[in-house]
Amino acid sequence: MIDYLSGLNEPQAQAVTHGPGPLMIIAGAGSGKTRVLTFRIAHLIENGVDPFRILSLTFTNKAAGEMRARIEKVVGYEARNIWMGTFHAVFAKILRIEARFLGYTSDFSIYDTDDSKSLIKSIVKELNLDDKTYKANVVFNRISGAKNNLISADDYLANPLFRADDEAAKLPEIGRLYKAYTTRCFQANAMDFDDLLFNTNVLFRDFPEILNKYQHKFQYVMVDEFQDTNVAQYLITKKLSAVHRNIAVVGDDAQSIYAFRGANIQNILNFERDFPEVRVVKLEQNYRSTQTIVNAANSVIARNKAQFKKNVFTTNEEGGLIDVVKASSDNEEGRLIATAIFEEKVNKGLRNTDFAILYRTNAQSRAFEEALRRLNIKYRIIGGLSFYQRKEIKDLLAYLRFIVNQNDEEAFKRIINLPKRGIGDTTVAKISVSAAEHRVPIWEVVSNISRYVAGRATLPIESFATLIKSFKILLEEGKDAYAVASHVAKASGILRELYEDKTVEGLSRYENVQELLNAIKEFVDNPDNEDKTLSSFLQTVSLLTTADESDDDGDTDRVTLMTIHGAKGLEFKNVYVVGLEEGLFPSQMMLEKREDLEEERRLFYVAITRAETKLTFSYAESRYNWGRLNMCEPSRFLFEVDQRFLMMTKGRRSGGMDDYRNNAEPSSMNFIRQIANRTSQTPKGTTETVKSSAGVSSPKVPTPPPPTNGANTSSEPFVASDTSTLEEGNRVEHPKFGKGTVKKMDVNGTDRKAIIHFDTTGEKTLLLSFAKLRILR
DNA sequence: CGGCATTCAGTTTTT
DNA sequence: CTGAATGCCG
């Protein structure tokens with residue numbers, strides 16, 4: 001037996017050796033959480049627990065894979081038998097086994113977000129609703145929110161509260177859309193991401209004998225990143241562990257950054273209520289970062305009101321101050337960071353993998369990519385548009401999905417006329433109308449088209465049906481996923497069409513399809529996969545996380561670029577947190593919603609605590625948005641860090657932003673000037689000149705400082721007026737921009753915008769459905 | 001039905 | 001600026 005306990009501190013050892021009974025580990029950033037989880041599982045196995053009876057839910061498949069590998073090092077081969085994966089993956093596996101109880105087949109499709117939105121769009125059209133009012137995005141989010149809280153379509157329709165809410169938002173038909181959407185998914189034998197949770201809960205609720213089976217099967221249940229679980233996830237895990245009550249959850253409320261998808265910090269409180277005998281262990285010692293970094297992170301998170309008491313500390317060395325880099329534009333920001341990485345590499349002999357650039361939105365990666373390429377620094381981007389979201393990949397996958405499940409309407413819509421075979425929108429509409437009229441599945445109509453629809457497309461549809469049938473035969477003969485897929489790629493004409501396209505992107509698409517086929521081959525050849533059917537491959541693939549994608553070629557020494565969300569659970573020697581500007585981080589949407597920004601602040605906290613030895617913040621004074629150069633203000637988050645930890649690049653320690661905290665009202669222009677004076681001249685090669693006149697809202701008067709701690713500058717609470725009567729010439733007040741005059745109203749369909757000249761900040765265009773305005777009389 | 005021109009909306013974050 | 005969606009014509 002390996003003596004893995006010797007290197008652990010007291011609370012860590014407690015968590016590892018805790019036997020039966022509920023356990024909650026509050027694990028601060030960098031406190032060795034993964035180690036504890038790994039050893040805990042290893043410890044259980046060494047004490048005779050059957051790996052088949054351990055369920056471990058992690059956040060990404062990659063995290064699961066890594067943990068499995070680490071456990072294997074301790075306990076050996078047995079580690080493979082642990083049920084380990086994301087909530088979605090594990091529940092999909094259970095649903096696949098038990099599908100028939102819910103009226104699904106085990107070949108059910110999994111709709112991704114695009115499929116869901118496309119289906120919603122069709123439904124909106126079919127119900128003759130205005131697609132400008134009922135935007136697929138909005139409707140989808142509403143439905144998703146309901147499902148995450150386990151509210152069914154019928155519950156939704158029956159609840160007058162939701163109706164009132166929807167009517168207030170001028171979207172009274174959401175309930176009907178939800179119902180129709182659910183029905184269509186069911187008819188398509190398809191589940192969306194949320195259904196994987198929602199339906200698992202239905203399964204366990206309505207079929208106690210099935211619940212009972214899994215309750216007894218899973219003797220120990222473990223949940224990682226507990227702060228990011230939503231109501232559905234918590235309820236299911238609670239049910240699963242109700243018999244043995246051996247549930248261990250690990251989380252950190254300060255790192256809860258998924259509220260937008262239903263995560264509920266309340267779960268941490270509920271846990272203590274639901275399992276009163278729980279043992280709570282706090283891991284507070286940080287082994288990852290320097291004192292400066294830990295303390296800076298603490299100074300930020302201390303501003304949040306909602307938090308668990310916890311004292312994260314470290315005995316590591318003090319470390320250098322946090323650099324603050326000011327750039328004049330997004331492109332210069334890229335160059336400055338790339339140069340800094342280059343110099344750090346040379347001076348300290350670091351490798352590319354020691355660096356990470358973290359940003360708020362995927363779109364920000366461009367400037368950094370260009371700058372890194374120019375300096376010949378290898379990088380990898382995690383997230384963004386992933387391999388499996390590319391058109392050509394989705395096309396082939398749609399074929400495969402349709403062969404496995406002929407009810408998959410979204411896959412059908414994708415491939416019916418691909419490659420072009422003379423079947424247009426009219427024909428597709430006829431087919432779906434006919435299917436609805438005769439109350440039969442779409443495939444029934446397609447495979448017997450002459451019986452249902454007459455028209456010039458009859459012949460091409462018949463040959464399409466024959467093609468699909470020939471593919472299905474392969475499947476029924478028991479051919480493995482690779483054999484079927486490679487045949488389909490050729491016989492469908494997808495590969496030929498791409499081959500004939502001799503453009504650069506045509507070539508790369510062809511290669512992508514080949515790469516997909518390779519991935520399928522690997523899947524089939526991997527001895528760990530017992531189920532090599534196409535159906536099994538498709539379900540695996542649709543649940544891949546962006547972080548899961550393969551580390552391409554053998555060249556693994558790369559700088560990592562990703563969103564802060566993607567960086568959760570990772571650590572790097574040097575971290576660059578970039579784009580620290582108001583409206584970007586914190587994001588415009590959060591500012592407009594005028595919530596307390598606590599989640600954005602936690603995100604900032606996560607970003608800071610990724611760094612081990614060196615941390616750098618950067619922001620740009622101007623930035624291109626949709627080809628327009630806009631002026632930016634430095635993020636309020638820069639002011640929220642204890643200023644003693646900051647240092648302007650190549651300058652002396654900052655005098656700090658004490659002025660701000662004292663509310664002495666220096667303008668933020670003042671702050672910029674301070675930094676400008678302390679910053680050395682921008683490096684040679686700065687050819688770019690910023691045309692400040694191009695900015696949409698270049699203020700003549702300095703902008704007011706960011707309000708302290710997200711509160712209004714005025715002491716009385718701000719109550720927005722009803723803007724439906726707003727007219728040109730009205731005087732208004734905005735919580736952030738102050739007082740102003742309406743210069744112009746811009747009505748475009750259902751969108752009502754107002755161009756307002758604010759007294760201090762200049763002209764702004766506000767969308768009235770979002771704007772928080774008070775009309776002054 | 002398919003191809004071309006024109007218009008329009010969109011940038012949080014992810015399973 | 002870009003990709004998607006709409007509209008018009010052969």
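Side chains included, hydrogens not; waters and symmetry mates left out as well; all remaining heavy atoms used. Here is the naming used below: chain letters follow the sequence lines, and residue numbers restart at 1 for every chain.
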Could you check whether Arg261(A) pairs with Asp228(A) (Lys NZ or Arg NE/NH1/NH2 to Asp/Glu carboxylate O, under 4.0 Å)?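 Here Arg261(A) does not pair with Asp228(A) in a salt bridge, since their nearest N and O are not under 4.0 Å apart.
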Choose from [options] the nucleotide whose nearest atom is closest to any side-chain atom of [X].
X: Thr426(A); options: dC1(B), dT14(B), dG10(B); answer: dC1(B)
X: Thr427(A); options: dC1(B), dT11(B), dA9(B); answer: dC1(B)
X: Thr563(A); options: dG10(B), dT11(B), dT13(B); answer: dT13(B)

For [X] and [N], give me the distance from atom [atom1] to atom [atom2], rounded to whole Å.
X: Lys117(A); N: dG10(B); atom1: NZ; atom2: P; value: 11 Å
X: Leu591(A); N: dT11(B); atom1: CG; atom2: C1'; value: 14 Å
X: His565(A); N: dT11(B); atom1: NE2; atom2: C1'; value: 14 Å
X: Leu459(A); N: dC1(B); atom1: CG; atom2: P; value: 15 Å
X: Phe585(A); N: dT13(B); atom1: CZ; atom2: P; value: 13 Å
X: Gln588(A); N: dG10(B); atom1: CD; atom2: P; value: 15 Å
X: Gln255(A); N: dT13(B); atom1: CD; atom2: C1'; value: 16 Å
X: Glu592(A); N: dG10(B); atom1: CD; atom2: C1'; value: 14 Å

Below 3.5 Å is the cut-off: list the nitrogen or oxygen pairs between protein and nucleotides 2-7 of chain B, distance only.
{"residue": "dG2(B)", "atom": "OP1", "partner": "Gly422(A)", "partner atom": "N", "Å": "3.0"}
{"residue": "dG2(B)", "atom": "OP2", "partner": "Asn417(A)", "partner atom": "ND2", "Å": "3.1"}

Using the closest heavy atom to pick a nucleotide of DNA chain B for each, name whichever of Gly566(A) or Val428(A) lands nearer the 5' end.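 This one resolves to Val428(A).
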Residue met sooner reading DNA chain B from 5', once Phe140(A) and Glu600(A) are mapped to nucleotides: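 The residue whose closest nucleotide sits nearer the 5' end is Glu600(A).
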[X] side chain vs [Y] backbone, donor-acceptor pair below 3.5 Å:
X: Asp115(A); Y: Asp112(A); value: yes
X: His565(A); Y: Ile257(A); value: yes
X: Asn201(A); Y: Ile236(A); value: no

Stacking between Tyr258(A) and dT14(B), defined as ring centres under 5.5 angstrom apart with planes under 30°, is that present or not?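 Given the distance and angle limits, no, they do not stack.
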Phe59(A) six-ring centre to Lys568(A) NZ/CZ under 6.0 Å and within 45° of normal: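 The answer is yes, since Lys568(A) meets both limits relative to Phe59(A).
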Applying side-chain contact (heavy atoms from CB on, under 4.5 Å) to Phe572(A) and Val575(A), what does each step give before you reach the verdict? CA-CA 6 Å; Phe572(A) 302 89; Val575(A) 169; 3.9 Å; yes
Indicate the atoms forming the closest heavy-atom contact of Asn61(A) with Thr86(A), along with that distance.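 Here Asn61(A) and Thr86(A) meet closest at N-CG2, 3.6 Å.
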Can we call the ring centroids of Tyr111(A) and Phe193(A) under 6.0 Å apart?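 No, ring centres 6.0 Å or more apart.
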Identify all side-chain donor-acceptor contacts of residues 602-609 of chain A below 3.5 Å with residues at least two apart in sequence or on another chain.
{"residue": "Arg602(A)", "atom": "NE", "partner": "Ser256(A)", "partner atom": "O", "Å": "2.7"}
{"residue": "Thr609(A)", "atom": "OG1", "partner": "Tyr605(A)", "partner atom": "O", "Å": "2.9"}
{"residue": "Thr609(A)", "atom": "OG1", "partner": "Val606(A)", "partner atom": "O", "Å": "3.0"}

Hey, does Arg401(A) have a side-chain heavy atom less than 4.5 Å from the side chain of Ser542(A)?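 Counting from C-beta outward, Ser542(A) and Arg401(A) never come under 4.5 Å.
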Contact under 4.0 Å: Asn362(A) side-chain N or O vs dT13(B) OP1/OP2: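 Answer is yes, contact under 4.0 Å.
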dG10(B) phosphate, OP1 or OP2, under 4.0 Å from Asn137(A) side-chain N/O: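 No, because none of the side-chain N or O atoms of Asn137(A) sits under 4.0 Å from OP1 or OP2 of dG10(B).
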Once each nucleotide of nucleotides 1-10 of chain C is scored for protein heavy atoms under 4.0 Å, what B/S/- sequence comes out, 5' to 3'? B---SS----
